[in-house]
Amino acid sequence: MRKVPLLATLTLAASLLAAPAQADPSHPFQNPALPLDQRVSDLLGRLTLDEKLSLLHQSQPAIPRLGIGYHKNGTEALHGVAWSNHLDDNWNQKFASGTVFPQAVGLASTWDPELVKRVGSAVGDEARGYNATDPVLWGLQVWAPVVDLLRDPRAGRNEEGYSEDPLLTGAMSTAYGRGLQGDDPFYLKTAPVLKHYLAYNNETDRSLTSSNLTPKLRHEYYEPAFKAAISADAATGVMASYNLVNGRPNHVNPDLDTVVRSWTGKTLYNVSDAWGPHALTDLEHYYEGKPEAFAAVLKAGLDSFTIDGSDIGPLVTNLKAALDQGRITEADVDKAVGRVLSIRTRLGHFDPDGGPYKKIGADVINSAANQKLNRETAAKAAVLLKNSGVLPLGRPKSAAVVGPLAGKLYRDWYSGQLPYQVTPLDGIKERVPGVTTGEGLERIALKHVDSGKYLTATGTGPDDNAALTDTAPTAPTVASQWDLTDWTGGVSTLRNAGNGRLLGGDWRSLDTDDAEPDGWYVSQQFALEKQPGGAYLIRYAGYETVESWFALPDAYVGVTPEGTLGLVPKAQAAAFTKEVVSDGIAEAAAQAKKAQVAVVVVGSHPFVAGREFHDRDTLKLGEGQRRLIEAVRRANPRTVVVLETSYPVIVDAPTLLWTTHAGAETGHAIADVLFGDVNPGGRLPQTWPAGDDLPDLLDYDLVKTGMTYLYNRDKPLYAFGHGLSYTTFGYQGLRVQGEQVSVKVTNTGKVTGDEVVQLYTHQRGSRFAQPVKQLRGFQRVTLRPGESRTVSFPLTKADLAVWDHTRNKWTVEKATHDVLVGSASDRIRQSTTLRVSGETIPVRDLTKPTRAMDFDDYAGVAFADASKVSGEVVEGSAGGWLAFTRASWGSRFTASVASTGGGSFEVRRGSPTGALLATVQVPATGGIYQYADVTATAKAGSGDLYVVFKGDLRIKDFAFTRS
């Protein structure tokens, strides 16, 4: 969910927030002994239209006459209970302060579903604990987990997802969801909702961009991550995403009511994302009016509108208008309200005693058991990327622990406040008697080239206006000194040495009144851009710069003739020289030289240079942090680099341990791994590319872009599934027998350790493009030195099915498959082959009606909506083409087309420039959703058929007839 400005707040009297004591308990809907359908039907029949409509809102007012209390959807619980908004204060987040577990990508790096289920259960307990303290603020429908596939590591929300692989993502989301729900066969501890359906992995223009999905990738890659948890009944619904898919906004994606609901026999309760229904008219302009848009949202299968804070007024008004206009019926309303009531019944809302989970109280919040689980999970999530033999550290007498993250932990946008902090420095201090430390930052002064004065903070505290002037004319005072932290992607923060506050943008002026980067618009972000002459321009990188209302898209720090500072266009930017007042990097290297071991803790800030609403431009770790690593390494060969990030970065070191931002126990967990109490067993859940030369972020066709381990053939920096151990493992005797694959794994080293055994397959021959390899199963096993275990995986014939877009069905082809087992996608230890009996895909018969979307290849086209309700078409302009290969066709061609201004397309054989079979003229049809049939005579034949666009038009389907 994105927090957006709210239009209004509906204030309800306190007496309406909970069911009155005198409410009649004898209604059938309050009787736990009755079947769910009977209870829901009874309650639905007692509601007025206005009451029904109010239940379609995120903030559902109490209905005192029926003893129904207030309920709010959407407590954020991605990796711990995070935050919510109160009924009476929708402008400000209300943060939890419970157990914060590792970020989702870190949970996935455990490759341990049972552990992740325990984490989910702990989070569900704490959600119940918070609900017990304040049921108005902390609702029990939780918006987690996020199952967006991490197909591009630059995507801003990388920290929120699990993996680039659908099977691993599905396993983790299922485990976390089951934990959140609890083990009762009927009642729900919490009601988890999967975010965000579908194909949502860019923040750049996220409400305006359309993810082009081929049928193959929709079925084989993008849908399965959601299907896994829904089909396992480990989630109670999905949230629609902000983006469009094939030209249609996901908030009116008909799959929500058809495909998604087909995956389970249980009732799902689907929700909108924040402000999403309004985007249909206000931003995407997909509909002209709110009643039409809101009706479409309801009919598409969304049952809850997250709009207008707690004010149900606009929703009720627009849905009543939609009813009056005949766009929806009361039966449509009843269907959605029934889903609301079904989940609320299972949450125990209508039971006299509140259901079996009602007894969970506030004592579970940040409990000792959950702190212990946080430490265990953070340690198991850590991934040893490289080891020169320095780790484990043993028992050193001295250590230099340096870096910007050595003595600090950070929350992220979807976590609560940390109730306490055990930093890496703290964890190491508990084990090493002599520890020195430092942030390893340069303290700099920035002298204005024209005036010779320094950039200076004038405020002394957090409440001062603290505007900046360059009033130190000779030497930099403490107020003119700044600690520079280069985070990632060239974006830095500048902390004033005088007041300890960060330089920040405040509309057009600058200030120093924030202790940390925080909030929705993080204004404390700058980039120092070196110019040819050696001076620097200071670019403002605050998140609001992408908003149209900011109206200064290329903002830099400027100086007025009066000497005040503010944000100006680049052409007016002031030039500054950078003077190093004290070199924290050199100081850190000096400390490292004197110590037995050095630990450099570097990484990302969760609020800086990449987060929701902001993608990354580069994968590089900040230049200052890279120099720190190199300086300390030169000073002390026994250097360990601990990299704490929310996403892949390009950095290398002989000994390198990666962790996500992992919660309050991060320092204990890191120390457990560094000193060998925990043998690292985490594995990367996504590929770390070796460079920044990546495809267009908005191109979702993995087959063409080669993104993810599935389709990429380049050597990565670190591969999907990669991770090292302090011991070694041997693999022997890979066997495929029946529907089972087994391999013996032996700990061939001297210490107990965890191995993540990974099963992949590759189909050698196919009618369709096939992945380089594909994960089919995994197990994390713990083995003592010398211990062997046979690890088995189910592998059925159906598991090897592919989507046949020529016939719109799943099929198993007759083929030979490589069966590959190893410790990473690039470290296969045993392999064999499996011959599978199946179909040989027949020649495409284009005399049968063929959707244009069911092409074999394409270029220069977009995928679009056939209508605002359903269907897909291919939209092309001059030069675009579609290929239908291994086909046969007749002599007369008919196609269903739409065009605003008219155009034409050609039918060619063999290639886009091959033999011309027909030219088809397309008249103006009256609009992009108005279709007409066009015909042409062609020469019958077989082979590869190409449709080449010569004008702007849409093709829905076509067919040939034989003479």
Side-chain angles (χ1 to χ4, degrees), residues 111-114 163 165-172 174-175 219-221 224 227-228 231-232 681 683 709-710 719-723 725 727-749 753-768 770-804 809-841:
W111 291 62
D112 190 339
E114 286 305 312
S163 170
D165 180 77
L167 185 142
L168 180 57
T169 297
M172 293 301 160
T174 298
H219 289 288
E220 293 183 2
Y221 184 74
K227 183 178 180 180
S231 62
R683 301 292 185 263
Y709 83 96
L710 289 159
F720 173 79
H722 172 76
S725 172
T727 189
T728 55
F729 298 93
Y731 287 67
Q732 307 90 30
L734 175 64
R735 297 182 63 193
V736 181
Q737 191 169 23
E739 294 188 336
Q740 182 170 280
V741 177
S742 61
V743 66
K744 185 169 79 170
V745 182
T746 303
N747 184 338
T748 55
D754 285 8
E755 175 71 315
V756 178
V757 186
Q758 302 164 38
L759 170 66
Y760 298 88
T761 66
H762 167 68
Q763 184 172 327
R764 289 186 179 180
S766 176
R767 167 68 172 77
F768 314 105
Q770 289 296 316
V772 176
K773 58 176 66 76
Q774 183 170 356
L775 184 69
R776 299 296 187 180
F778 62 90
Q779 286 189 43
R780 181 166 177 159
V781 296
T782 302
L783 298 173
R784 299 184 302 276
E787 182 182 3
S788 295
R789 184 178 306 173
T790 298
V791 178
S792 298
F793 303 95
L795 183 67
T796 69
K797 188 173 178 178
D799 292 332
L800 302 175
V802 298
W803 182 255
D804 177 3
K809 68 172 189 175
W810 290 98
T811 188
V812 176
E813 294 181 279
K814 180 181 179 181
T816 297
H817 294 254
D818 295 315
V819 179
L820 314 164
V821 175
S823 56
S825 62
D826 68 340
R827 195 162 185 239
I828 301 304
R829 307 292 298 278
Q830 292 268 289
S831 64
T832 187
T833 58
L834 173 65
R835 291 181 175 85
V836 176
S837 61
E839 289 189 88
T840 298
I841 307 299

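Residues take their numbers from the sequence shown, with the count starting at 1.
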Item checked: Heavy-atom side-chain proximity of V757 to V821 below 4.5 angstrom -> yes
Checklist line | Side chains of V743 and V741 in contact at under 4.5 Å (non-hydrogen atoms) | finding: no
Item checked: Closest non-hydrogen atom pair between Y731 and V756, with its separation -> OH-O, 4.3 Å
Note to self: Show every salt bridge (Lys or Arg N to Asp or Glu O under 4.0 Å) that has at least one partner inside residues 777-789, sequence neighbours left out.
What the structure shows: D754-R780, R784-E787, E787-R789
Next item on the list: Under the ring pair (Phe, Tyr, Trp, His ring centres under 6.0 Å) rule, collect the residues that match up with H219, sequence neighbours excluded.
Entry: W803
Note to self: Quick check: closest heavy atoms across E755 and S823, and the distance to 0.1 Å?
What the structure shows: OE2-CB, 3.4 Å
Next item on the list: List in chain and number order the residues that pass side-chain contact (heavy atoms from CB on, under 4.5 Å) with V812, two or more places apart in sequence or in another chain; answer none if no residue qualifies.
Entry: K797, A801, V836
Checklist line | Residues in salt bridge (Lys or Arg N to Asp or Glu O under 4.0 Å) contact with R776, at least two apart in sequence or another chain | finding: none
Note to self: Give me each pair satisfying salt bridge (Lys or Arg N to Asp or Glu O under 4.0 Å) with a member in residues 734-747, each pair once, sequence neighbours excluded.
What the structure shows: none
Next item on the list: Report yes if some heavy atom in the side chain of T761 is under 4.5 Å from a heavy atom in the side chain of L795; otherwise report no.
Entry: yes
Next item on the list: Using side-chain contact (heavy atoms from CB on, under 4.5 Å) as the criterion, list what pairs up with Q740, not counting sequence neighbours.
Entry: S792
Notebook entry, point to check: Any donor and acceptor pair, going by atom type alone, linking the side chain of S825 with main-chain N or O of G721 inside 3.5 Å?
Noted result: no
Margin query: Please enumerate all residues that pass side-chain contact (heavy atoms from CB on, under 4.5 Å) together with P771, with sequence neighbours excluded.
Written below: L710, Y711, Q774
Notebook entry, point to check: Is D826 reaching over with its side chain to a backbone N or O of A719, donor-acceptor style, under 3.5 angstrom?
Noted result: no
Margin query: To check you understand the geometry: which heavy-atom pair defines the closest contact between L820 and S831, and what is its length?
Written below: CD2-CB, 3.6 Å
Next item on the list: Mind checking side-chain hydrogen bond (donor to acceptor under 3.5 Å, both in side chains) for E813 and listing every partner two or more places apart, or none if nothing turns up?
Entry: Q763, S766
Checklist line | For F720, ring pair (Phe, Tyr, Trp, His ring centres under 6.0 Å) partners two or more places apart | finding: W111, Y709
Checklist line | Test item: E220 side-chain N/O and V802 main-chain N/O as donor-acceptor pair under 3.5 Å | finding: no
Item checked: Residues forming a side-chain hydrogen bond (donor to acceptor under 3.5 Å, both in side chains) with T816, sequence neighbours excluded -> none
Margin query: With rounding to the nearest 0.5 angstrom, report the CZ to CG distance, R764 to L834.
Written below: 11.0 Å
Margin query: Just to verify, what does F768 make a ring pair (Phe, Tyr, Trp, His ring centres under 6.0 Å) with, not counting sequence neighbours?
Written below: H805
Next item on the list: Show your working on side chain to side chain contact (heavy atoms under 4.5 Å, CB included) between R829 and Q732 and close with a plain yes or no.
Entry: CA-CA 8 Å; R829 307 292 298 278; Q732 307 90 30; over 6 Å; no
Next item on the list: Please examine the side chains of N747 and T782, heavy atoms only from C-beta on, and report whether any two atoms are closer than 4.5 Å.
Entry: no
Notebook entry, point to check: Could you give the distance from NZ (K814) to OG (S837), rounded to the nearest 0.5 Å?
Noted result: 9.0 Å
Item checked: side-chain contact (heavy atoms from CB on, under 4.5 Å) partners for S725, two or more places apart -> N679, T727, F729
